[in-house]
Amino acid sequence: MAHVISEDCIACGSCISECPVEAISEGDIYVIDPDICTDCGTCAAVCPSGAISPA
Ligand code: SF4
């Protein structure tokens, strides 16, 4: 399982430095690599848009 970033992402960048395994990539909206994500939930806690949730 991995967390996913929805279209509610505003690409603010809050999550990217919080991920302990560097699973998040920048883009028009940010993307989590499901093969790297450990489902820790750290990024979801810091997202101001509530755009990150468990898949
Ligand atoms: Fe990284 Fe944890 Fe978010 Fe997965 S749930 S992308 S491991 S911060």
Side-chain angles (χ1 to χ4, degrees):
M1 294 294 289
H3 275 53
V4 293
I5 301 177
S6 77
E7 291 180 358
D8 292 335
C9 173
I10 57 171
C12 69
S14 298
C15 59
I16 200 161
S17 62
E18 299 297 325
C19 179
V21 292
E22 299 184 2
I24 304 174
S25 302
E26 292 181 54
D28 291 338
I29 66 171
Y30 282 39
V31 176
I32 296 172
D33 185 334
D35 294 329
I36 300 175
C37 175
T38 61
D39 238 5
C40 71
T42 304
C43 54
V46 299
C47 179
S49 302
I52 309 179
S53 56

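This chain uses plain numbering: 1 for the first residue, then up along the sequence. Here the structure is a predicted model, which means the values were calculated and not measured. When a ligand or atom number is given, it counts from 1 through the structure's own listing order.
Across Tyr30 and Cys9, no two heavy atoms sit closer than the pair N-SG, 3.3 Å. The minimum heavy-atom distance between Pro34 and Ala2, with the atom names listed, is CA-CB, 3.7 Å. Ile5 approaches Val31 most closely through the heavy-atom pair CD1-N, 3.9 Å. Between Ile16 and Ser25, the shortest heavy-atom contact is CD1-C, 4.3 Å.
Only protein N, O or S atoms were considered, and those under 2.8 Å from atom 2 (Fe) of ligand 1 are Cys40 SG.
Close approach to Ile32 involves these atoms of ligand 1, each under 4.0 Å from a residue heavy atom: 6 (S).
No donor-acceptor distance shorter than 3.5 angstrom exists from the side chain of Asp33 to the backbone of Ile24, with no hydrogens or angles considered.
Here the straight-line distance linking atom OG1 of Thr38 with atom CE of Met1 works out to 13.0 Å at 0.5 Å rounding.
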